[in-house]
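All remarks here apply to the structure that follows.
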Amino acid sequence: MRSITQLHMPDVEPGEPGEIRPEFRDVSPLDLHVDDAYQRDLSERSVTLIRRIVREWSWSAFKPPVTVDVEGALHVLDGQHTAIAAASHPRIDTIPVVVVPAPNSEDRAGAFVRHNRDRVTVTPMQLHHSLLAAGEEEARDVAAVCERAGVRILRNPPAMGKFAVGETVAIAALRSLVKRRFPVGARPVLDVCVQAQLAPVSAEMIKAVDAILHDAEYAGTVESGALVNTIRSLGPERWSEVAQLRTAHRMPKWKALTVVLYRHTRKSRRGS
């Protein structure tokens, strides 16, 4: 836990805050409007997001939409998905909104840009750690498997891109692996990655090792130790082979890596 502290910024000229401050109002979401001149229309992803907000509605996760009063009508500058979700929820009658001063259309468009530009996007790694703190089952499973295998999920990429053995930012690949193989099947994949001294444990390598250990085409034909040795011996020649395979067959990097790793790994008696 840390307190909010002041940053010393002698090179920054503070902007003029003005006399009119934002205010809160409690309104019906059905009374809100969206200006198509600068607001995006709803996409398929938007509808999916709105459905999730309605299904998982929680006031503790609620972020008040930012609006501007235009001749008595409130136009949404930021938060139209939340507003539409509230309007679609059968037990939500009113929501609090923030009303900011923006007297003309240029001011409103500029405010829209600022609200959508001046923010730090939450990374998948940061989201994973938040989900873990919230007790999400899938995040707990991923964290448990990683801990046992010696994989460390970073919150942010390391400075200068210098990873230590076992560190990773490939949270999407990890979640997919655990969801598809369950913890018992994910553990051997991560064991191979750590034993191979990977730094970082990349998404492509996770997918390639998973394919070799579990896919019907390869499963049971190589020993984990032999695969570890192949990965540890990867050099420029092998990576060039991966690149050539990708170009020649237009395949994803992880799939080309799978082929190259398998090709150069000693086969077990069962697979011979």
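Positions are given from 1, in the same order as the sequence printed here. Every heavy atom of this structure was used, including side-chain atoms; hydrogens, water molecules and symmetry mates were not.
Using a 4.5 Å heavy-atom cutoff, the side chains of L245 and M251 are in contact. Here the side chains of H264 and V260 are in contact, with some heavy-atom distance below 4.5 Å. Annotation: side chain of K63 is in contact with side chain of D78 (closest heavy-atom distance under 4.5 Å). For the pair W59 and I92, the minimum side-chain heavy-atom distance is below 4.5 Å. Looking only at side-chain heavy atoms (C-beta outward), Y218 and T258 come within less than 4.5 Å of each other. Side-chain atoms of V259 and V242, non-hydrogen and from C-beta on, never get closer than 4.5 Å to each other. Annotation: side chain of I95 is in contact with side chain of V97 (closest heavy-atom distance under 4.5 Å). Side chains of P101 and V68 form no contact here, defined as non-hydrogen atoms less than 4.5 Å apart.
Here R25 pairs with E23 in a salt bridge; the nearest charged N to carboxylate O distance falls below 4.0 Å. Look at R175 and E138 and you find a salt bridge, because one of the NZ, NE, NH1 or NH2 atoms lies within 4.0 Å of a carboxylate O, short of that distance.
Of the inter-residue distances, the one linking T265 atom OG1 with L227 atom CG reads 5.0 Å to the nearest 0.5 angstrom. Interatomic distance, Q195 CD to S224 OG, rounded to the nearest 0.5 Å: 7.5 Å. Between the CG atom in L257 and the CG atom in L234 there is a gap of 7.0 Å [rounded to 0.5 Å]. Once rounded to the nearest 0.5 Å, the distance linking CG of L174 with CG of D141 reads 12.5 Å. One distance of note links CH2 of W254 with CD of E204; it measures 11.0 Å at 0.5 Å rounding. I50 contributes atom CD1, which lies 12.5 Å from atom CZ of R55 (distance to the nearest 0.5 angstrom).
Cluster membership check: F182 does not share its hydrophobic cluster with I212, using side-chain heavy-atom separations under 4.5 Å among Ile, Leu, Val, Met, Phe, Trp and Tyr. A chain of hydrophobic side-chain contacts below 4.5 Å, direct or via other Ile, Leu, Val, Met, Phe, Trp or Tyr residues, connects V209 to I171. Criterion: ILVMFWY side-chain heavy atoms under 4.5 Å apart, direct or through other members. Under it, V184 and V178 are not part of a common hydrophobic cluster. Under the 4.5 Å side-chain heavy-atom criterion for Ile, Leu, Val, Met, Phe, Trp and Tyr, L132 and M125 are members of distinct hydrophobic clusters.
Taking all atoms of both residues into account, the shortest heavy-atom contact from H81 to S46 is NE2-OG, 3.0 Å. Contact record, P64 with P96: CB-O, 3.5 Å, taken as the closest heavy-atom pair. Residue S233 comes nearest to T230 through the heavy atom pair OG-O, 2.9 Å, listed as atom of the first residue, atom of the second, then distance. The minimum heavy-atom distance between V76 and G79, with the atom names listed, is CG1-C, 3.9 Å. The minimum heavy-atom distance linking T82 with F62 is given by the pair CG2-CE1, 3.5 Å. Annotation for A83 and L32: closest pair CB-CD1, 3.8 Å, computed over non-hydrogen atoms.
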Pair D191-V228, side chain to side chain contact (heavy atoms under 4.5 Å, CB included): steps then yes or no: CA-CA 9 Å; D191 282 342; V228 167; over 6 Å; no
Take S268 and V222 through the test side chain to side chain contact (heavy atoms under 4.5 Å, CB included) and record every step on the way to the result. CA-CA 5 Å; S268 66; V222 300; 5.8 Å; no
Check step by step if side chain to side chain contact (heavy atoms under 4.5 Å, CB included) holds for I84 and V34. CA-CA 10 Å; I84 295 172; V34 173; 5.8 Å; no
Using the rule given for salt bridge (charged side-chain N to carboxylate O under 4.0 Å, His left out), can you reason through E223 versus K267, listing the C-alpha separation, both sets of side-chain angles and the distance that settles it, and then say yes or no? CA-CA 7 Å; E223 300 291 342; K267 308 304 181 290; over 6 Å; no
Check the pair R238 / L261 against side chain to side chain contact (heavy atoms under 4.5 Å, CB included), numbers first and verdict last. CA-CA 9 Å; R238 295 289 177 259; L261 288 177; over 6 Å; no
Kindly list each side-chain donor-acceptor pair under 3.5 angstrom involving residues 144-167, sequence neighbours excluded, with atom names and distances?
residue : atom : partner : partner atom : Å
R152    : NH1  : E167    : OE2          : 2.9
N156    : OD1  : Q126    : NE2          : 2.9
E167    : OE1  : A164    : N            : 2.8

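For E137, the CD atom sits in a loose shell: 12 or fewer heavy atoms of surrounding residues, nucleotides or ligands are nearer than 6.0 Å. Counting heavy atoms of neighbouring residues, nucleotides and ligands inside a 6.0 Å radius, atom CZ of R266 does not exceed 12 of them.
Without hydrogens or angle criteria, R140 side chain to G135 main chain gives a donor-acceptor distance under 3.5 Å. A donor-acceptor contact shorter than 3.5 Å is absent between the side chain of S176 and the backbone of A173. In this structure, H214 contributes its side chain and G185 its backbone to a donor-acceptor pair below 3.5 Å.
Residues Y262 and T221 have side chains that bring a donor and an acceptor to within less than 3.5 angstrom of each other. Side chain to side chain, Q244 and S240 meet the donor-acceptor criterion of an N or O pair below 3.5 Å. Between the side chains of H75 and T67, no donor-acceptor pair is found at a separation under 3.5 Å.
Residue D210 is tested with R187, R180, K255 for a salt bridge (charged side-chain N to carboxylate O under 4.0 Å, His left out); the sole match is R180.
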